[in-house]
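Contents: one structure, followed by commentary.
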Amino acid sequence: MASPRLRAVLDNIPAYRPTDGVYDAVPARPLSANESPDDPLPELRAAIAAAATGINRYPDPGCAGLTRALARRHHVTEDRVLVGAGSVALLQALFQAVGEPGAEVIYPWRSFELYPVLADLAGVRSVPVARPGLASLAERITPDTRLVLVCNPNNPTGAFAGGDELRAFLDRVPPTCLVVLDEAYFEYVRAPGARSGLELLGTRPNLVVTRTFSKAYGLAGLRVGYLVGDPAIVEQLGKVKLAYSVSSVAQHAAITALDLADRLLRRVDATVAERTRLRDALTAGGFTVPDSQANFLWLPLAGRSAEFGRWCTDAGIAVRTFDGEGVRVSVGGGGDNDAFLAAALRWRADGGAV
Ligand SMILES: *Cc1c(COP(=O)(O)O)cnc(C)c1O
């Protein structure tokens with residue numbers, strides 16, 4: 001029997017499958033999604049409860065209060081800020097804004113698994129560039145390239161491009177091509193001399209920086225992120241983004257989270273200290289662990305990745321496995337890091353090659 005005709009590209013996109021164990025009745029230790037391990041601060045819970053009073057009304061589509069607070073925090077004018085239902089919603093808006101026949105999007109690879117999906121959905125050709133420095137990425141820009149996307153620090157490897165490399169790269173991108181820096185993990189960066197794209201915006205109208213409340217600010221469940229860019233670009237992207245997509249509860253919570261930023265970012269310091277401890281212990285145990293500037297570590301186990309991922313699942317620990325490439329493990333809290341470490345060292349003792 002004939003079936004409804006949907007876009008053929010959908011057949012090429014794998015159905016989203018949550019990591020084993022995360023949503024089970026007895027959930028695994030959650031080290032697969034790079035969330036904040038810390039309970040929400042009481043002030044944040046109170047703000048969310050208070051926001052419940054108004055939920056019979058639509059949210060402010062312009063997110064005025066949150067936009068103002070973000071502009072103040074980053075020392076930019078409000079017309080440079082756009083809030084979205086998670087930064088991935090804003091990435092989707094960016095892909096759609098450039099998506100027309102013949103357009104091409106390029107990004108370093110391996111990176112965030114959503115990028116090729118967003119490209120397919122927007123109808124743009126995606127060009128993953130294997131393991132480049134940013135210099136070789138710039139060389140791959142063609143007249144058809146409308147968007148260059150750099151995840152910095154990179155998910156899942158944790159690699160970070162510092163100030164000079166970043167600036168030299170930005171200088172090579174033609175002004176007709178957008179550059180998006182996905183800084184979902186920037187709050188975890190401790191590399192000396194690190195510069196956010198936010199500091200480089202001034203003279204570059206083609207640069208857009210995305211940030212999120214989902215990681216360092218601990219609001220993954222509420223879905224709120226933002227971007228900062230040139231006012232003309234922000235205005236156009238505002239037309240692509242769905243107007244009422246950021247809930248009133250999320251807007252209030254994000255404003256409160258900014259008020260609590262000092263305390264929340266002190267928790268990030270603790271995660272960074274755990275990152276160092278975990279990496280040192282894994283290295284001492286014989287694993288190869290590249291430097292990470294994010295809240296996760298990357299174990300490039302190549303052909304043994306799936307086996308190691310299964311080993312962790314069997315030990316009740318959810319990690320993210322990239323078959324044939326590596327395993328990403330979030331830096332968690334409570335006893336989760338030690339449980340992971342013990343499982344990893346047991347795998348080694350059991351004959352796991354690294
Ligand atoms: C987690 C993550 C985000 C954040 O997405 P939200 O929609 O804001 O939750 C964005 N980019 C990358 C690379 C991420 O890993």
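Both counts, for ligands and for their atoms, begin at 1 and track the order of listing.
- Annotation: Phe287 is not in aromatic contact with Trp298 [ring centroid separation under 6.0 Å not met].
- For Gln293 against Ala191, the heavy-atom pair with the smallest separation is OE1-N, 2.9 Å.
- The protein heavy atom nearest to atom 7 (O) of ligand 1 is Arg223 NH2, 2.7 Å.
- Under the 30°/60° scheme for interplanar angles, the aromatic rings of Tyr226 and Phe213 are found to be tilted.
- In this structure, Asn206 contributes its side chain and Cys177 its backbone to a donor-acceptor pair below 3.5 Å.
- Within the 4.0 Å heavy-atom shell around ligand 1 one does not find Phe213.
- In Asn155, the part holding a heavy atom less than 4.0 Å from any atom of ligand 1 is the side chain.
- Geometrically, ligand 1 and Ala85 share no nitrogen or oxygen pair separated by less than 3.5 Å.
- At distances below 3.5 Å, not a single donor-acceptor pair connects side-chain atoms of Asn154 with backbone N or O atoms of Gly158.
- A donor-acceptor pair under 3.5 Å links the side-chain atoms of Arg348 to the main chain of Gly285, judged by distance alone.
- Close approach of ligand 1 to Ala184 (heavy-atom distance below 4.0 Å) involves ligand atoms 2 (C), 3 (C), 10 (C), 11 (N), 12 (C), 14 (C).
- Across the listed options Tyr115, Tyr185, Phe296, Phe112, Tyr185 owns the non-hydrogen atom lying nearest to atom 15 (O) of ligand 1.
- Remark: Glu43 engages Arg263 in a salt bridge, criterion side-chain N to carboxylate O under 4.0 Å.
- Of all protein heavy atoms, the one closest to atom 10 (C) of ligand 1 is Ser87 OG, 3.4 Å.
- Using a 4.0 Å heavy-atom cutoff, Gly225 is absent from the residues neighbouring ligand 1.
- Some N or O of Ser214 is nearer than 3.5 Å to an N or O of ligand 1, by distance alone.
- Within the listing of ligand 1, atoms 6 (P), 7 (O), 8 (O) sit less than 4.0 angstrom from a heavy atom of Gly86.
- One N or O on the side chain of His252 and one on the backbone of Ser248 form a donor-acceptor pair closer than 3.5 Å.
- For Asp144 (side chain) and Glu104 (main-chain N/O), no donor-acceptor pair under 3.5 Å exists by modelled atom type.
- Considering backbone and side-chain N/O of Thr212, one or more are found under 3.5 Å from N/O of ligand 1.
- Using 4.0 Å as the threshold, Asp182 has a heavy atom nearer than that to some atom of ligand 1.
- At least one heavy atom of Cys151 sits closer than 4.0 Å to an atom of ligand 1.
- Of all protein heavy atoms, the one lying nearest to atom 2 (C) of ligand 1 is Lys215 NZ, 2.5 Å.
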